[in-house]
Amino acid sequence: MKLRLSVALATSALLAFAGLAIAQQPTIIKFSHVVAVDTPKGKGAEYFKKLAEERTKGRVKVEVYPNSQLFKDGEEMEALQLGSVQMLAPSVAKFGPLGVREFEVFDLPYIFDSFEELHKVTEGPVGKTLFKKLESKGVTGLAFWDNGFKDFSANKPIKVPADYKGLKLRIQSSKVLGDEIKALGAIPQVMAFSEVYQALQTGVVDGTENPPSNFYTQKMHEVQKYLALTDHGVIEYAVIVNKKFWDGLPADIRTALEGAMKDATKYANDIAKKENDDALEAVRKSGKTQIITLTADEKAQMKKALVSVHKENESRVGKEILAEVYKDTGFKP
Ligand code: LMR
């Protein structure tokens, strides 16, 4: 009798212990992205991890997977929808395959002159409208993160549209970007970010576009002789989560994570410009890539050649959204 009682007691103690251990398992957030750690997005992701883990006192663990370790672009959206990864920060050029083409409004050439103009859009009604469109896809938009202004690179000096004729240029999977390249008389080639270095090295493509932080950290300066400071567009990110996962979190945890994201967003956006300025300086110092500063006339020629991309994509990005962005930025087509 005594033995049975003590076995029963021991069993229930064991079960209680196991139950406690299960209850204390932290919730894991896998945060996958394609760029290097030493970039605005890479650092933003690490900072979010730090804040999220501190503020939830270990109830949440954020596993950050940089450099396409977990998924390449082109694979990550589906992985998010399936719940194989909980958080991503893809560039806005990569939302077309999700069926939300309106994000490509950010890809329109020369639509932003400054981060201030960009923030008017991301933090205003357009940002909200875009995030609303994600809900039916099982995705929740949390924040917009900046990288910076894009420059074109190639192995020949590129200053005016005529210099781009016939070049094969790697782009992200955005129709707007494809039209941009065609407007320069060049040939667009969609390719995953992780494959760009090798494609440039082997001559599969002749050139590409990206902000200096990506150009430098992917070592593209080793395989591109010229970088033209065209500032013709931006790389902007949307930090997104699997909606079912997010909605299923305990309310206090979600609130803590929202706070962590708010502060990580401020951090990432505050460092973005300096990260790119420093990366450009590092490219210059490497002596491997010649940096070309365009004259006002050369810049005007680029703008003139590229502005047609706006009208061409009006219905793709949405007439109302485009009008709203023009209102925010003062851009006149
Ligand atoms: C690219 O694919 O060119 C970049 O946008 C990657 C990134 O996330 O910055």
Side-chain angles (χ1 to χ4, degrees), residues 31-46 48 64-77 79-80 85 87-98 103-109 112 115 118 122 141 143-154 168-178 180-181 186 188-201 204-221 223-224 227 230-240 265 268-269 271-273 275-276 279-280:
F31 185 168
S32 168
H33 69 81
V34 300
V35 297
V37 178
D38 217 5
T39 57
K41 179 162 65 179
K43 290 187 177 177
E46 291 301 330
F48 171 71
V64 182
Y65 297 92
N67 278 316
S68 314
Q69 264 170 32
L70 207 56
F71 295 105
K72 291 200 282 191
D73 39 316
E75 300 169 349
E76 14 175 60
M77 286 294 194
L80 185 77
V85 64
M87 186 174 280
L88 301 173
S91 95
V92 287
K94 293 174 183 166
F95 282 70
L98 195 66
F103 278 75
E104 288 177 25
V105 73
F106 292 97
D107 293 336
L108 290 168
F112 305 107
F115 282 107
L118 173 61
T122 53
F144 285 99
W145 285 6
D146 303 336
N147 186 337
F149 285 81
K150 292 181 293 185
D151 302 313
F152 278 115
S153 67
K168 216 185 263 178
L169 301 177
R170 178 271 171 177
I171 51 160
Q172 309 173 77
S173 61
S174 151
K175 176 181 175 289
V176 170
L177 295 181
E180 165 201 279
I181 301 299
Q189 182 94 36
V190 173
M191 188 181 291
F193 186 63
S194 56
E195 286 155 18
V196 180
Y197 175 86
Q198 209 187 358
L200 291 169
Q201 189 186 35
V204 168
V205 289
D206 301 308
T208 188
E209 54 163 22
N210 241 305
S213 65
N214 278 345
F215 187 79
Y216 181 66
T217 55
Q218 294 301 313
K219 300 189 173 27
M220 295 184 204
H221 61 290
V223 287
Q224 293 277 266
L227 181 67
T230 44
D231 289 342
H232 61 281
V234 292
I235 294 268
E236 181 71 4
Y237 306 116
V239 186
I240 54 177
T265 299
N269 292 353
I271 64 166
K273 186 174 181 314
E275 288 289 315
N276 278 297
L280 185 62

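One-based numbering, in listed order, for ligands and for the atoms of each.
- Listed by atom number, the atoms of ligand 1 under 4.0 Å from Asn214 heavy atoms are 4 (C), 6 (C), 7 (C), 9 (O).
- Near Gln172, the atoms of ligand 1 lying under 4.0 angstrom from a non-hydrogen atom of the residue are 1 (C), 2 (O), 3 (O), 4 (C), 5 (O).
- Surrounding CD of Gln69 are more than 12 heavy atoms belonging to other residues, nucleotides or ligands, all under 6.0 Å away.
- Heavy-atom contacts of Lys41 reach the following atoms of ligand 1: 7 (C), 8 (O) (cutoff under 4.0 Å).
- Annotation: side chain of Leu177 is in contact with side chain of Glu209 (closest heavy-atom distance under 4.5 Å).
- The heavy atom nearest to atom 2 (O) of ligand 1, considering only Lys94, Glu76, Glu236, Gln218, is found in Lys94.
- Heavy-atom minimum distance, Glu180 versus Asp107: OE1-O, 4.2 Å.
- In terms of polar-atom proximity, defined here as any N/O pair under 3.5 Å, Asn147 makes no such contact with ligand 1.
- By the 4.0 Å heavy-atom criterion, Glu209 is excluded from the residues contacting ligand 1.
- Contact of the Trp145 side chain with the Thr122 side chain is not registered, since no non-hydrogen atoms from C-beta on lie closer than 4.5 Å.
- Near Ser91, the atoms of ligand 1 lying under 4.0 angstrom from a non-hydrogen atom of the residue are 5 (O).
- At a heavy-atom cutoff of 4.0 Å, ligand 1 is contacted by no atom of His33, backbone or side chain.
- The aromatic rings of Phe103 and Phe144 lie tilted to each other, with the angle between the two planes from 30° to 60°.
- Here is the list of ligand 1 atoms found below 4.0 Å of a heavy atom in Val35: 6 (C), 7 (C), 8 (O), 9 (O).
- Between the choices Phe215, Phe193, Trp145, Tyr237, the shortest heavy-atom distance to atom 4 (C) of ligand 1 belongs to Phe193.
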- request: For Ser213 and Asn147, run side-chain hydrogen bond (donor to acceptor under 3.5 Å, both in side chains): C-alpha distance rounded to whole Å, both residues' side-chain angles, the deciding distance at 0.1 Å, then the answer.
  value: CA-CA 8 Å; Ser213 65; Asn147 186 337; 3.0 Å; yes

